[in-house]
There are 2 protein chains.
Amino acid sequence: MKRATLRDIAQALGITVATVSRALKDYPDISAATKLAVLTTAERLHYAPHPLAVKLRQKAYKVVGVVVPDIVHPFFADVISGIVDVVEALGYHVILSQSNESYEKEIRVTQMLQATGVDGLLVCLSNETVAVDHLRALQDYNLPVVLFDKISSGLDASTVVTNDFQGAYDAVAHLLDQGYTRVAHLKGPAHPENTRQRFAGYQAALAAYGLPFRPEYVLECQAVTHAEGFAFAQQLLALPEPPQAIFAVTDSVAIGAITALKQAGRRVPQDVAVIGFSDWAVCQLLEPTVSSVAQPGYDIGRRASELLLREIQQLRDEQPPEHSHLVLDATVRVRQSSQRPLPGGA
Amino acid sequence: MKRATLRDIAQALGITVATVSRALKDYPDISAATKLAVLTTAERLHYAPHPLAVKLRQKAYKVVGVVVPDIVHPFFADVISGIVDVVEALGYHVILSQSNESYEKEIRVTQMLQATGVDGLLVCLSNETVAVDHLRALQDYNLPVVLFDKISSGLDASTVVTNDFQGAYDAVAHLLDQGYTRVAHLKGPAHPENTRQRFAGYQAALAAYGLPFRPEYVLECQAVTHAEGFAFAQQLLALPEPPQAIFAVTDSVAIGAITALKQAGRRVPQDVAVIGFSDWAVCQLLEPTVSSVAQPGYDIGRRASELLLREIQQLRDEQPPEHSHLVLDATVRVRQSSQRPLPGGA
DNA sequence: TTTCTTTCCGAAATCGGTTACGTTATCGAT
DNA sequence: ATCGATAACGTAACCGATTTCGGAAAGAAA
């Protein structure tokens with residue numbers, strides 16, 4: 001079946017496309033009779049406006065581009081889900097791309113998105129990304145960009161992130177509240193701002209509780225993997241005075257550490273308490289269940305989309321786009337791995 | 001900055017847009033001098049063709065729509081990743097939508113995708129979906145549709161699925177090969193074809209090894225959750241002659257079962273062996289590590305995209321689109337939970 | 001009868017490209 | 001001088017809609 005156009009309707013009725021167009025959009029200066037005729041033949045021909053023609057005329061793509069380092073990562077899947085729900089509710093669609101944590105590919109992908117036509121971009125920077133000229137170039141062409149999760153201060157754009165500092169602080173405070181005084185941190189690499197914030201939250205909590213910062217309790221992961229958690233936990237156990245609790249920069253590191261602790265004959269949480277970060281679904285399935293800090297992925301996606309759509313609208317209205325910087329709270333989810341047994345307990 | 005058009009270049013050089021267009025596309029009947037002039041001023045003005053104008057003229061959106069029940073599900077994230085990689089390599093983009101396992105929303109979403117403009121659709125049906133008229137309607141408008149994972153025989157379309165039968169057969173055969181004779185199956189609900197195939201594979205393996213089918217060893221999950229696995233495992237243990245091994249329709253059910261077994265004082269795999277299906281990442285993190293059947297999600301995405309892009313091309317060439325039906329092998333990943341200890345072992 | 005409103009619709013420009021077709025200029029061949 | 005071929009570019013239709021402007025017809029007011 002060939003798709004019907006305004007011309008088909010017009011020819012069937014012996015009128016012009018202009019009249020048909022206005023009849024379909026319920027303009028006041030079209031008679032009720034013609035409106036009815038147009039509507040019924042439009043129905044009969046299964047007419048639907050051609051999306052490209054409308055968009056070309058309206059100069060609106062009705063599409064936002066999304067760039068994440070890795071679609072498969074559960075956190076990003078959450079974010080994407082939030083984005084899709086918000087933008088679809090406003091008649092927009094989502095074009096998805098991944099940078100594979102590569103700076104080069106991020107550049108390629110953002111340019112492809114601009115070339116293919118989007119009204120705005122939601123970007124989580126790759127770990128490799130330092131310079132953001134490729135994004136500034138997009139802004140120069142009136143393409144609004146909103147950064148989320150992995151952001152950059154080098155770009156004048158709206159941002160939405162998790163409060164990593166507060167999340168880390170709360171996690172460590174949760175440990176300290178239970179009376180632990182020797183709390184280690186398996187931190188992430190220096191670069192992504194997120195992991196630095198988590199480290200800062202760790203330090204701040206120690207300070208707030210009047211505890212000394214002990215450098216030997218802080219080990220820096222590079223790949224942030226299960227294997228690193230495993231190795232570093234063993235290293236901590238080998239200390240003359242091993243820690244009573246561990247705050248890991250990520251769940252995979254935490255789980256690796258728990259595995260190492262168990263293999264070394266330590267019980268979790270009785271001998272060593274552990275808490276991770278990100279609250280992956282696996283945390284609820286492990287034994288013991290793993291405490292973690294939940295990042296509001298879905299909400300990050302929602303809020304970032306809302307900011308972007310607002311900026312898109314402002315640009316259409318010839319207003320200068322306003323930038324906002326949102327910091328969403330992380331939530332400590334206390335499970336078995338970080339619960340200190342009561343002194344008098346069984 | 002305003003984006004440059006062909007007219008801007010043409011006016012700057014005192015020629016027409018037609019000449020500029022052809023110069024940029026390196027037509028033979030444009031002089032080298034004009035080509036050079038056009039190219040340099042195009043460069044100077046940062047010219048880029050307007051995507052909508054090109055697409056309207058070419059009647060190609062360069063976009064494929066993807067509908068999955070749930071973006072957050074790791075299997076679908078894998079599939080999507082495969083899709084994105086393939087279609088981007090061919091200059092297409094991916095518009096993503098989710099049906100939330102709702103028939104109504106699936107209809108809405110597919111119609112929205114058609115309305116917004118896509119060259120083809122990759123769809124995994126929701127669990128609720130039985131009728132597929134909404135998809136047949138799309139085909140009637142020359143919009144090719146490829147189904148993957150959850151498919152329907154009611155639609156004349158290409159399909160790409162996991163070989164659930166073979167995967168289940170192999171998983172059960174793996175158990176039987178180790179000498180187990182009493183193997184239970186926690187099966188899925190009747191409707192999705194996938195879980196039926198897994199059940200069939202279970203039965204076929206029993207038959208192939210000359211073992212009787214014992215109805216009391218087969219329990220049917222409805223929600224296919226951790227909790228159901230937990231409950232049904234307890235039920236199996238209460239049998240006068242409990243099974244020696246369990247094949248679960250899904251990893252979450254398998255993990256729930258393992259939890260129940262442990263709580264009942266049974267050791268996995270020494271007392272009861274367990275194997276799941278889907279090979280989620282958590283399988284490698286649990287203790288014991290969980291055996292499972294890996295579905296080739298990324299490959300399903302790749303192959304489905306390839307089929308769709310082929311059909312899109314065939315339609316452009318006025319050829320009748322050929323449909324293919326791909327069945328990709330599942331792979332048993334043997335880990336600790338299903339390894340029977342050697343009789344003479346420690 | 002003239003003029004002024006309304007009502008209702010068509011003509012045409014526009015969005016930004018692509019491309020079939022036509023035109024002009026130039027040169028060699030006849 | 002005439003014809004044909006070729007090179008190089010312009011004209012205009014086209015993709016499918018939207019929207020400004022304007023105009024014909026009919027009725028109302030003068």
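What you see below is based on every heavy atom in this structure, not just the backbone, and it leaves out hydrogens, waters and symmetry mates. A note on names: the letters A, B, ... follow the listed sequences, proteins ahead of strands, and every chain is numbered from 1. Every value quoted in this text rests on a predicted model; they were computed, and no experiment measured them.
- Here D:dT20 presents its P atom at 7 Å from OH of A:Y27, a figure rounded to the nearest Å.
- Between the axis at the start and the axis at the end of the helix from C:dT1-D:dA30 to C:dT30-D:dA1 there is an angle of 80°, using five pairs per end and rounding to 10 degrees.
- Atom pair B:I30:CD1 and C:dT19:P shows a separation of 13 Å (rounding to whole Å applied).
- Side chain to side chain, A:E106 and A:H134 meet the donor-acceptor criterion of an N or O pair below 3.5 Å.
- Using a 4.5 Å heavy-atom threshold, the side chains of B:K150 and B:N127 count as touching.
- Distances shorter than 4.0 Å separate some side-chain N or O of B:S31 from OP1 or OP2 on D:dC9.
- B:H93 has its ring centre no less than 6.0 Å from the ring centre of B:Y61.
- Side chain of B:D119 to main chain of B:A60: no donor-acceptor pair is present (N/O by atom type, distance under 3.5 Å, no hydrogens or angles).
- Side-chain contact annotation: A:S126 with A:T129, donor-acceptor N/O pair under 3.5 Å present.
- Residues from residues 46-62 of chain B with heavy atoms under 4.0 angstrom of DNA chain C, sorted by number: B:Y47, B:A48, B:P49, B:H50, B:A53, B:V54, B:R57, B:Q58.
- In this structure the side chain of B:V109 never reaches within 4.5 angstrom of the side chain of B:Q98, judged on heavy atoms.
- Side-chain contact between B:S324 and B:R310 is present, with at least one heavy-atom pair separated by less than 4.5 Å.
- Counting non-hydrogen atoms of other residues, nucleotides and ligands closer than 6.0 Å to NE2 of B:H46 gives a total of 12 or fewer.
- Near DNA chain D, meaning a heavy atom under 4.0 Å away, the residues from residues 9-25 of chain A are A:A18, A:S21, A:R22, A:K25.
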